[in-house]
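Since the structure comes first, as structure tokens, the remarks are kept for the end.
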There are 2 protein chains.
Amino acid sequence: MQAKEILKAHIAKTATLTADEFEYFFSCFKLQSYKKGQAVISEGDRVQHEYFVLDGILKTFYINDDMKMFILQFAMPTWWASDYNALYTGSKATVSVDCITKAEVLCLAGADREKLCSEIHQVEHFFRWRTNRGYVAAHKRLLSLMNSDAKHRYEELMAQYPELFSQVPKHLIAAYLGVSRETLSRLYNP
Amino acid sequence: MQAKEILKAHIAKTATLTADEFEYFFSCFKLQSYKKGQAVISEGDRVQHEYFVLDGILKTFYINDDMKMFILQFAMPTWWASDYNALYTGSKATVSVDCITKAEVLCLAGADREKLCSEIHQVEHFFRWRTNRGYVAAHKRLLSLMNSDAKHRYEELMAQYPELFSQVPKHLIAAYLGVSRETLSRLYNP
DNA sequence: CGTAAAATGTGATGTACATCACGCAATCGT
DNA sequence: ACGATTGCGTGATGTACATCACATTTTACG
């Protein structure tokens, strides 16, 4: 499926755009290819864009003072990724984004998103709903972190996204779950 | 300050409404008073509303199978609270909301919010931005849970919301931080 | 293809926290 | 005002997980 069709189908789930509106909407995106391991946003960058994943898997992550990595999100096809705090406030990136596999993404400038949102009511509607879902998912994950032990969180993740098991190195899954790679290894090799 | 003025000032930070639009917007809210300890949303409820806090402190929380409570949010004046998952999807509440102190809130039906969003572009704009901020805050908290120990999280919370120390019982602060009340007690009585 | 680098498995040890148990202090409701 | 409830402090003990150390396996790539 072509980039345009993927995006169209994605939008259509929450908003109704005319053909002309969608053409205009789509014209604001830029197709980009990344190699495995390539950085999309690095800590300290000025963040000007957000990214819609067409193919491949990205990760958004934070590295603390001890060089330990924590993964906020695996972004799979039809997911969006950026450092939204930096993008909205104009501050520098504290969260980084890079490619776990080679990837195809559509890139949208924050300024263009705001322009589109103000020009086309349904686009604003779409982005409101997209963020709603992210907000709810983040709270669900907060509860999971506070409530469940590592094994339970691991099983939940594998039940929801079994493809991660084969497509993503285990130490990254550990960094997402908030456990050490050793502990994760012991969870499924008891 | 009156309810209307508080809400007006709150909205004005992110959206521009004409006087007529704001009157219409405000007319969809219903003022409600709650006593200390009173429930706003209970697990299992059909959730039809969200709540804008004028005065007092609410909490949104989850209780697990072992009857242990986890707090997702303390909602202080000008904050919003609900079970957004249930409100958006029509499912039953898994998250509850109640009042830590006596409280005054403005109550908005989900259906009315959607109507307002579709009728007034700037209202949709406002709600998009409100959720944006919540999304960013939730991710910040995820990182804090994964990255920092209990003492660090406690100090961050007290630095940002010192009023919680005096206004909210310690065991609720513990339930927000994701530690036992005993551990929290030992953090500030070393 | 062959070597370096990255990813994974596994034991030994340490630790931040939970849990249990109890006593005391503050607050609430009638 | 006074008993009941709720909140708080503190010791003793248990445990899930981190960390360190090193071996083994898999993958990347010149």
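Letters A, B, ... are given to chains in the order of the sequence lines, protein chains preceding strands, and every chain is numbered from 1.
The NE2 atom of A:His121 lies 6.5 Å from the OG atom of B:Ser118; values are rounded to the nearest 0.5 Å. Once rounded to the nearest 0.5 Å, the distance linking CG of B:Asp98 with CD1 of B:Ile41 reads 10.5 Å. Within the model, atoms CD1 of B:Ile57 and NZ of B:Lys36 stand 11.0 Å from one another, a figure rounded to the nearest 0.5 Å. With rounding to the nearest 0.5 Å, the separation of CZ in A:Arg186 from OG in A:Ser180 is 7.0 Å.
Taking the centre of each ring, B:His10 and B:Phe126 come in below the 6.0 Å mark.
Comparing the end axes of the helix from C:dC1-D:dG30 to C:dC28-D:dG3, each fitted to five base pairs by superposing C1' atoms of four pairs onto the next four, gives an inter-axis angle of 60° (nearest 10 degrees).
Among residues two or more places apart in sequence or in another chain, the side-chain contact (heavy atoms from CB on, under 4.5 Å) test is passed with B:Ala175 by B:Ile71. In terms of the salt bridge (charged side-chain N to carboxylate O under 4.0 Å, His left out) criterion, residue partners of B:Arg130 (sequence neighbours excluded) are, by chain and number, B:Glu50. Shown here are the side-chain contact (heavy atoms from CB on, under 4.5 Å) partners of A:Thr18, two or more places apart in sequence or in another chain: A:Asp20, A:Glu21. Qualifying ring pair (Phe, Tyr, Trp, His ring centres under 6.0 Å) partners for B:Tyr62, counting only residues two or more places apart in sequence or in other chains: none. Among residues two or more places apart in sequence or in another chain, the side chain to side chain donor-acceptor pair (under 3.5 Å) test is passed with A:Asn85 by none.
By the 4.0 Å N-to-carboxylate-O rule, A:Arg128 lies too far from A:Glu124 to be salt-bridged with it.
Within 6.0 Å of the NZ atom in B:Lys140, the count of heavy atoms belonging to other residues, nucleotides or ligands does not exceed 12. Under a cut-off of 6.0 angstrom, the local environment of CD in B:Glu5 is crowded, with over 12 non-hydrogen atoms contributed by other residues, nucleotides or ligands.
Atom-to-atom, CG of B:Asn189 to P of C:dC24 comes out at 17 Å; the value is rounded to the nearest Å. To the nearest angstrom, P of C:dT8 lies 14 Å from CG of A:Leu187. Atom CZ in B:Arg181 sits roughly 12 Å away from atom P in C:dC20 (whole-Å rounding).
Contact check of residues 143-158 of chain B against DNA chain C (heavy atom, cut-off under 4.0 Å) returns B:Asp149, B:Ala150. Of the residues in residues 58-71 of chain B, none has a non-hydrogen atom less than 4.0 angstrom from any atom of DNA chain D. Within residues 34-42 of chain B, the residues approached by DNA chain C to less than 4.0 Å at the level of any non-hydrogen atom are B:Lys36, in residue-number order. Contacts between residues 162-170 of chain B and DNA chain D, counted as heavy-atom distances below 4.0 Å, involve B:Pro169, B:Lys170.
With B:Ser185 contributing its side chain and B:Arg181 its backbone, the two residues share no donor-acceptor pair below 3.5 Å.
In this structure, B:Arg186 and A:Ser185 both approach DNA chain C, and ranking their closest nucleotides by distance from the 5' end singles out A:Ser185.
In 5' to 3' order, the nucleotides of DNA chain D bounding all contacts with chain B (an atom under 4.0 Å from a heavy atom) are D:dG7 to D:dA12.
Of the residues B:Tyr176, B:Trp79, B:Tyr154, the one that meets the ring-ring contact (aromatic ring centres under 6.0 Å, His included) test with B:Tyr161 is B:Trp79. Exactly one of A:Tyr88, A:Trp80, A:Tyr84 qualifies for a ring-ring contact (aromatic ring centres under 6.0 Å, His included) with A:Phe127. That residue is A:Trp80. For the side-chain contact (heavy atoms from CB on, under 4.5 Å) test with A:Phe70, the passing option among A:Leu177, A:Ile63, A:Asn64, A:Thr60 is A:Asn64; the others fail.
Close to C:dA6, at under 4.0 Å from its OP1 or OP2, lies no side-chain N or O of A:His171. Neither OP1 nor OP2 of C:dT8 sits under 4.0 Å from any side-chain N or O of A:Tyr188.
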In a table with atom names and distances, give each donor-acceptor pair under 3.5 Å that connects a side chain of residues 26-35 of chain B to protein atoms at least two apart or in another chain.
residue : atom : partner  : partner atom : Å
B:Ser27 : OG   : B:Tyr24  : O            : 2.6
B:Ser33 : OG   : B:Glu104 : OE1          : 3.4
B:Ser33 : OG   : B:Glu104 : OE2          : 2.6

